[in-house]
Amino acid sequence: MDNRYAFDFDAPPPGPTDELAAVLGGKGANLAVMANELGLPVPPGFTITTDACHAFLATGWPPALDGELHEHLDRLGERVGRGFGDDADPLLVSVRSGAPVSMPGMMDTVLNLGLTEASTRELGAATDDEAFAADCLRRFRDSYRAVIGTDAVPEDPWQQLRAAIEAVFRSWNGERAVAYRRHEGISDELGTAVTVQAMVFGNRGATSGTGVLFSRNPSTGEPALYGDIMFDAQGEDVVAGTHEPEPLSVLDERLPEVAAELRRHVEVLERHYADLCDIEFTIEQGQLWFLQVRVGKRSPRAALRMAIDMAQDDRFPLSREAAVRRVAHLLADPPRMSVPAPGGPEPIASGRPASPGMATGAIATSSEAAQSAKAAGRDVIMVRAETSPEDVAGMAAAVGILTARGGLASHAAVVARGWGIPAVVGATDVHPHDGTVEIAGRSFAAGDTITIDGSSGAIYGAALQGTWEVTPEADTLLGWADELGIEIGQPPVEEAAAVPASEAGAGGLPRPGTDDVTRALLIRGSVTLDQLAEALLATPDDVTDALDGATAAQIVERVADGIRLTPQGKLAAAKLVAADAERVGVEPAAGMLDAFHALDGRMKEIVTRWQVRDVEGEPTLNDHGDAAYDRVVLEDLGALETETAAWLGPLAEALRPFAAYRARLARAMRLVHDGDTRFIASPRVDSVHSVWFELHEDLIRLAGRRRGDVATEPG
């Protein structure tokens, strides 16, 4: 590889794209592909390599970089017909980060760099638009002050440029970026590249704009452009949320020729990458420019549809075998949909519709009863006042869930939606007892049949019929897998669950012992060996020795559906919690729990927003058809996880269970960012919500309280 520190987009160093990404960053490598291999309209520019970042962070500004910057900016000025630092006809540039692995929003960017008071006047005169020039200067100064951390903006463009590049290099070790890498598992050794690119202006009137799009709908997989555009705006407006974007379809009405060109080029990109593309673009007075492309995140169902569509399209180099293998982890537990049958008796009570679909089954008032009924081949509706982590095994055995308390953000609601099973919550006319349930004044015994409708909240005192079917996309791919002889195994998460603690981000937790097993089972209830290993950030083999010791000591017992504490084990677990509480201190533990309530409220609100949207005042199941909405929710979730990891620090240092919670949350968020949105709230995996609820339960016990004593979300 060349020893230079900077390369023009159209003259990158030799090597395949994946190797170039390590030197030019993902953004720089993909800009080189678009500019050279694909011939797409890309504003000219150059990339400063990750080697320069390494040198800067180690010893300061590399002296050789100054000469290269002058050479590249001279060539860039010749290409666009303007001069960097020329007051009469200024070349303005953007300075953006570009790590080898995408870290969206984690590092710094400066736009419109190169403006001064004098050049702003000339820009206004040259464009015959003083308001446009003044807007660019305002934007530049605002971003420069925010990124550089100073109120003084130099009038020398070369000082501006060097300060901006240094700021991007330094932002590699900024708090946001370090926290993001920690929970994404990204190496600190990669460093960031910097792209310096001629500015194109989306804020030059009605025929200008900026936008972000996906080559297909990332939520449904529909083969149509999906995204937002803002007219007379720059990219920062999209990110800041200070302006309301319009759907991309508006471009067809306002600039149909540009819309047609955009579609042609997006098709080229999608075929080149043979995958969903996430694209940033700008339009300047009717001229289309591409600023970035990367493989996009998508929902599980969208991933299935896109795999089918691309494998059936001769324009894509994706075979049926490759399509199946691409989504095999999603086919291990294929998405299903409910098909209710019409007719039936009138409801006897109602609650809040928390998870859609209809379910009929025998009443079970405990987790153990639900599991036993399933083992005997009977469908059950699990009926509880409210649910706890110990109920998860029973909820997994049930075909439906009914609770007397709780709202759309309750544990029962979130778990049910994550599993895709019907649920009704907050049914105030439902009063569960030990072995019986009173519903609107009528007494039902455990084993009696009821029906719940999670779409309307209705509760029926008799059987109603409905069916569950595998989604058509999953059915097609499972058929292909069968024809091709491809065995559909467990999702990759099962492998991830067995990753050693040091690799999972747990900070090198020691091999689990009997106390660790006992402590975990107190919170989880009945679990499988794999689930126990997952909770301890260990492999099943690592857990087996400790489990054997606990079994010999009669602390745990093996039952048909897993492992659980014996009565003696529950006493031993209570002693361990008491010892932990003494180590931390009663008042500090109570204070931690009280402080957690604010975080918990935010978590419930975020997860509920992911699963349910407000549509004209009515809570509606989120179909994930609005990528911009989902993106904001995921950003909020990532920020909360980072904040929680820092908040947990002292407790994680003192007690292993809380170090494990922190590491499990980080692992779940890493998988969410990788596109597996099951890890937001699905109880089938070690999701953010699953870990969070266990953490809350553990904090309650550590503080010497009971769940019923702790305020919950509004019903």
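As the structure is a prediction and not an experimental result, all values here were calculated from the model. These numbers come from the heavy atoms of this one structure, side chains and all, not from hydrogens, waters or symmetry mates.
Checking side-chain atoms of Asn173 against main-chain N and O of Arg170 turns up no donor-acceptor pair under 3.5 Å. Judged by distance alone, with hydrogens and angles left aside, the side-chain atoms of Trp172 form no donor-acceptor pair with the main-chain N or O of Glu189 at under 3.5 Å. Of the possible donor and acceptor atoms, one in the side chain of Asn622 sits under 3.5 Å from a partner among the backbone N and O of Trp610. Without hydrogens or angle criteria, Thr403 side chain to Glu386 main chain gives no donor-acceptor distance under 3.5 Å. Remark: the backbone N or O of Ala578 is not paired with any side-chain donor or acceptor of Glu582 at under 3.5 angstrom. Using a distance-only test at 3.5 Å, with no hydrogens or angles considered, a donor-acceptor pair links the side chain of Ser687 to the main chain of Ser682. Side-chain N or O atoms of Thr642 include one that pairs as donor or acceptor with a backbone N or O of Gly638 at under 3.5 Å. In this structure a side-chain-to-backbone donor-acceptor pair under 3.5 Å is missing from His431 to Ala385. Looking at Thr50, its side chain does come within 3.5 Å of a backbone N or O of Ala22 through a donor-acceptor pair.
In this structure, Lys604 NZ and Phe693 CZ are separated by 7.5 Å, a value rounded to the nearest 0.5 Å. Residue Ile606 holds its CD1 atom at 10.0 Å from CG of Leu634, rounded to the nearest 0.5 Å. To the nearest 0.5 angstrom, Asp698 atom CG is 4.0 Å from Ile523 atom CD1. In this structure, Thr544 OG1 and Leu532 CG are separated by 9.0 Å, a value rounded to the nearest 0.5 Å. Asp580 CG to Arg519 CZ: the interatomic distance, rounded to the nearest 0.5 Å, is 4.5 Å. Atom CG of Leu521 and atom OG1 of Thr566 lie 10.0 Å apart (nearest 0.5 Å).
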Pair Leu637-Met603, side chain to side chain contact (heavy atoms under 4.5 Å, CB included): steps then yes or no: CA-CA 7 Å; Leu637 183 63; Met603 176 61 74; 3.8 Å; yes
task: Could you check Val632 against Asp636 for side chain to side chain contact (heavy atoms under 4.5 Å, CB included), going step by step and ending with a plain yes or no?
output: CA-CA 6 Å; Val632 171; Asp636 290 347; 4.0 Å; yes
field: Check against side chain to side chain contact (heavy atoms under 4.5 Å, CB included), Trp692 and Thr644
entry: CA-CA 10 Å; Trp692 189 273; Thr644 302; 3.4 Å; yes
Step-by-step side chain to side chain contact (heavy atoms under 4.5 Å, CB included) determination, Leu565 to Val556: CA-CA 4 Å; Leu565 292 175; Val556 305; 4.0 Å; yes
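Under the 4.5 Å side-chain criterion, counting only non-hydrogen atoms from C-beta, Asp686 is not in contact with Gln531. In this structure the side chain of Leu665 reaches within 4.5 angstrom of the side chain of Val688, judged on heavy atoms. Residues Val383 and Ile450 are in side-chain contact: their nearest non-hydrogen atoms beyond the backbone lie under 4.5 Å apart. Between Glu641 and Val672 there is no side-chain heavy-atom pair separated by less than 4.5 Å. Using a 4.5 Å heavy-atom cutoff, the side chains of Leu331 and Leu304 are in contact. Between Thr365 and His433 there is no side-chain heavy-atom pair separated by less than 4.5 Å. No side-chain heavy atom of Leu651 sits under 4.5 Å from any side-chain heavy atom of Arg662. A heavy-atom distance below 4.5 Å is not found between the side chains of His689 and Gln611.
In this structure Arg524 satisfies the side-chain hydrogen bond (donor to acceptor under 3.5 Å, both in side chains) test together with Glu694, sequence neighbours excluded. In this view, Glu643 and Arg602 satisfy the side-chain hydrogen bond (donor to acceptor under 3.5 Å, both in side chains) rule, not counting sequence neighbours.
Here the shortest heavy-atom pairing between Ala404 and Pro432 reads CB-CD, 4.1 Å. Taking every heavy atom of both residues into account, Ala533 and Val543 meet most closely at CA-CG2, 3.7 Å. Listed here is the closest heavy atom pair of Tyr661 and Val691: O-CG1, 3.8 Å. Closest approach of Arg667 and Leu537 over heavy atoms only: NH1-CD2, 3.2 Å. Closest of all the heavy-atom pairs between Gly549 and Thr514 is C-OG1, 4.3 Å. Taking all atoms of both residues into account, the shortest heavy-atom contact from Met592 to Leu699 is CB-CD2, 4.5 Å.
Residue pairs that meet the ring-ring contact (aromatic ring centres under 6.0 Å, His included) test with at least one member in residues 364-398, sequence neighbours left out, do not exist here.
Under a 4.0 Å N-O distance rule, the pair Asp515/Arg656 does not qualify as a salt bridge.
When each of Ile381, Ile421, Val380 is checked for a side chain to side chain contact (heavy atoms under 4.5 Å, CB included) with Val399, only Ile381 meets the rule.
Classification of the His696-Phe596 ring pair by plane angle, with boundaries at 30° and 60°, yields tilted.
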